Amino acid sequence: MIGSLNDEIDIFLSSLTGLEESSFNQIKERYSSTVTDDLSKGHLTTNVCMIAASQLKKNPKELADKLQRKLIDSRKFEKVETAGPGFINITLKREDFISTIDNINLQSSNFGSSNHGKDQSIQIEFVSANPTGPLHVGHGRGAAYGDAIGRILKSSGYKVQKEYYINDAGRQIDILTASVFIRIYEEGLKGYFPKNAYKGSYISDIAKLFKEKHKPGNLIDSRILIKDLPQDEEKEIDELILRIKNKENKLWIKIKSFALSKVLQTIRTDLENFNVSFDNWFSESSLGDLNANDSKISLAIKSLKNKGLAYEENGAIWLNTIDSGDDKNRVLIRDDGRATYFASDVAYHKDKIDRGFNKLINVWGADHHGYIKRIEASIKGLGFDKEKLDVQLVQFANLYKDGNKVKMSTRSGEFFSLSDLINEIGTDAARFYYLSKQADQHLDFDLNLAKADSKENMFYYIQYAHARICSLLTKYINENSSMPKMATAVANGSYKNCDKLIHEMSKYPNVVSRASSSLQPHLIIFYLKDFAHFFHSFYNDNQVLTESKENIEAIIYCLNAAKIILSNGLGLLGIKPIEKM
RNA sequence: GCGCCUGUAGCUCAGCUGGAUAGAGCAACUGCCUUCUAAGCAGUGGGUCAGGAGUUCGAAUCUCUUCAGGCGCGCCA
């Protein structure tokens, strides 16, 4: 119905004298017709007169009066009123007003989806946690967010690919391998354990599995490996890694791939349990080696060199990122010939762009924001539009249990893992709380609240509405064997108690489209909370099943639509609606 | 020092490309279960939207500035 209103408005605009085409287009661009906040303002409202007035330097109220007359003459609406500083409020004809519930019931699980992103492909890269241990609570937020915007964009018609970037080529993996190595040989090494190695119990588990499967023999000389290691904890572990690689190279490679696959398996399982799926897992190591001339990483750097953006200084290769707004240039290849993490990332982003996506979304932890400029610079340097890349920052979540902050650190092994969280409150409640606040804001995740039985707990408040509807529908079906096909009593206006609910439902498509264009799933959560409130209020005021047969039929038809709204909204967040509680 | 983010009720937060009297939950106080799920509903009180200036018919929203808080600034990943 908004489309039909806008058509009338456009006709009105083009009938205005003294309106140039450029300002006509500007007005068209800027004005908006929306569903009103509440029924006291009618069903639809438009601010076009205020927008047009500022362009034309005319009185908005006079314009509104003119438009009002036009709209009344069109006979398309029940009532047209001017209000406030120049709003036009529209009351729809009854049949148009209730068309919303017909649409919802008809489109069912497709209601709210659109083809806004038709023929556009978006790639979302998220989580991408280093494969050095299980996912912790901090990763959960990025996982929930990336997955949710994936679902939302998909429902808006975009072709979406979700990707996990596996950092399997850096020093962190060496430390992981060394940690497992030490655990395998801990007896021979008399309990020695480097200060900077991973201490989590999963390391010992992996070591144990390795021993069972590969039955490794004794080391050639275990003591020499740990003799006179440097005191400094960073140097100690680096030296240890070097020694193991030299002395036990075959074993090293074997343990490395074993540990990596075990950790990745854990991560995949955690994500699966969290209802997060990826379409593609991309390994950093697949970018190849700097020594190979045709590897992706070599080619990317060569391309930057050819463009004169990468240069040599002090024995290292640098990328000029200052010209793109960074505060200093960055090293791609160290003076000892090893590539930096940044170099891999440049090659990785080149690869992603080469794959032909219209847009790339990176979901990063907020601590990486200093990194955005240089990655944009590299994209620009490679000859791509930096607008193609959209970095969404996700702030860390602090976890509170019984009023105390829960500490997190992968290194020390003292952390609350994502799977702990899932065990504690369940996948759906966890996803819900992660998404309940704008992603780039700090989130205090209160475990006690997430389990609470009160309205403060939005998750159950919304689910409760769904469960209550399901219960009513079940009762209805048991007595009538089939669902009603229309809402006659609501349509002819003899029963109006559902009107608020219907009006609220008509806002849903707009909410989804806003969530989609702003990449903010929390908008859906807050809408659902408001919607649940409208339902609970209705439920308290109306003893549904004691109404007349005709009214019951109409109400059930409306409530089925309400159920679809709740279920679709939760679905976009990757949450299953609860049928009974 | 530079960069990014934030400041809305006692607390936790919503607030749409600027729009109509600034919203919700919690906490406080009042009511509502012999009837479909009380994890619910209805009501009362509570605000200089951090301060100041500007743009505008109109500012919590945009711009500038001051103050306060958080984070980031490696040839780490």
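Fair warning: this is a prediction, and the values are worked out from it, not measured in the lab. Throughout, a chain's letter reflects where its sequence line sits, starting with A, and its residues are numbered from 1. Computation of the quantities below employed the complete heavy-atom set of this structure, encompassing side-chain atoms and omitting hydrogens, waters and symmetry-equivalent molecules.
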For this session: Give one of base, sugar-phosphate or nothing for A:Leu523, where a contact means two heavy atoms less than 4.0 Å apart.
Result: sugar-phosphate
For this session: Quick one: label A:His368 by what it contacts on the DNA or RNA (base, sugar-phosphate, nothing), any heavy atom closer than 4.0 Å.
Result: base
Exercise. Contact class for A:Ser32 vs. all strands (heavy atom < 4.0 Å): base, sugar-phosphate, or nothing?
Worked result: base
Exercise. If we require ring centres under 5.5 Å and near-parallel planes under 30°, does A:Phe87 stack on B:rA20?
Worked result: yes
Exercise. Between B:rG15, B:rU37, B:rC57, which one does the side chain of A:Lys580 approach most closely?
Worked result: B:rU37
For this session: Describe the nucleic acid contact of A:Tyr371 in one word from base, sugar-phosphate, nothing, applying a heavy-atom distance below 4.0 Å.
Result: base
Exercise. Cut-off 3.5 Å, side chains only: do A:Glu284 and A:Ser344 have a donor facing an acceptor?
Worked result: yes
Problem set entry | Candidates B:rA38, B:rG3, B:rC41 - which lies nearest the side chain of A:Tyr464 | B:rA38
Problem set entry | Atom-to-atom span, CZ of A:Arg374 to P of B:rG3 - whole angstrom | 17 Å
Problem set entry | Atom-to-atom span, OH of A:Tyr539 to C1' of B:rG40 - whole angstrom | 9 Å
Problem set entry | Closest to the A:Val331 side chain, choosing from B:rA77, B:rC75, B:rG70 | B:rC75
Seminar exercise, completed: Closest to the side chain of A:Ser471, out of B:rG15, B:rC36, B:rC73, is B:rC36
For this session: With heavy atoms under 4.0 Å as the rule, sort A:Asn89 into base, sugar-phosphate or nothing.
Result: base
For this session: Select base, sugar-phosphate, or nothing to describe what A:Asp336 touches, counting heavy atoms under 4.0 Å on all strands.
Result: nothing
Exercise. Which nucleotide sits closest to the side chain of A:Thr340: B:rA38, B:rG72, B:rA77?
Worked result: B:rA77
Exercise. According to a 3.5 Å limit on both distances, what stems of 3 or more consecutive Watson-Crick or G-U pairs are formed with RNA chain B?
Worked result: B:1-7 with B:67-73, B:10-13 with B:23-26, B:28-32 with B:40-44, B:50-54 with B:62-66
Exercise. How is A:Tyr460 classified with respect to the nucleic acid when contacts are heavy atoms under 4.0 Å: base, sugar-phosphate, or nothing?
Worked result: base
Exercise. Reckon A:Arg30 touches a base, only the sugar-phosphate, or nothing at all at heavy-atom distances under 4.0 Å?
Worked result: base
Problem set entry | A:Tyr476 OH - B:rU37 C1' separation (whole Å) | 21 Å
Exercise. Which nucleotide in the set B:rG15, B:rC5, B:rC36 lies at the smallest distance from any side-chain heavy atom of A:Gln543?
Worked result: B:rC36
Problem set entry | Any donor-acceptor N/O pair under 3.5 Å between B:rG3 base and A:His369 side chain | yes
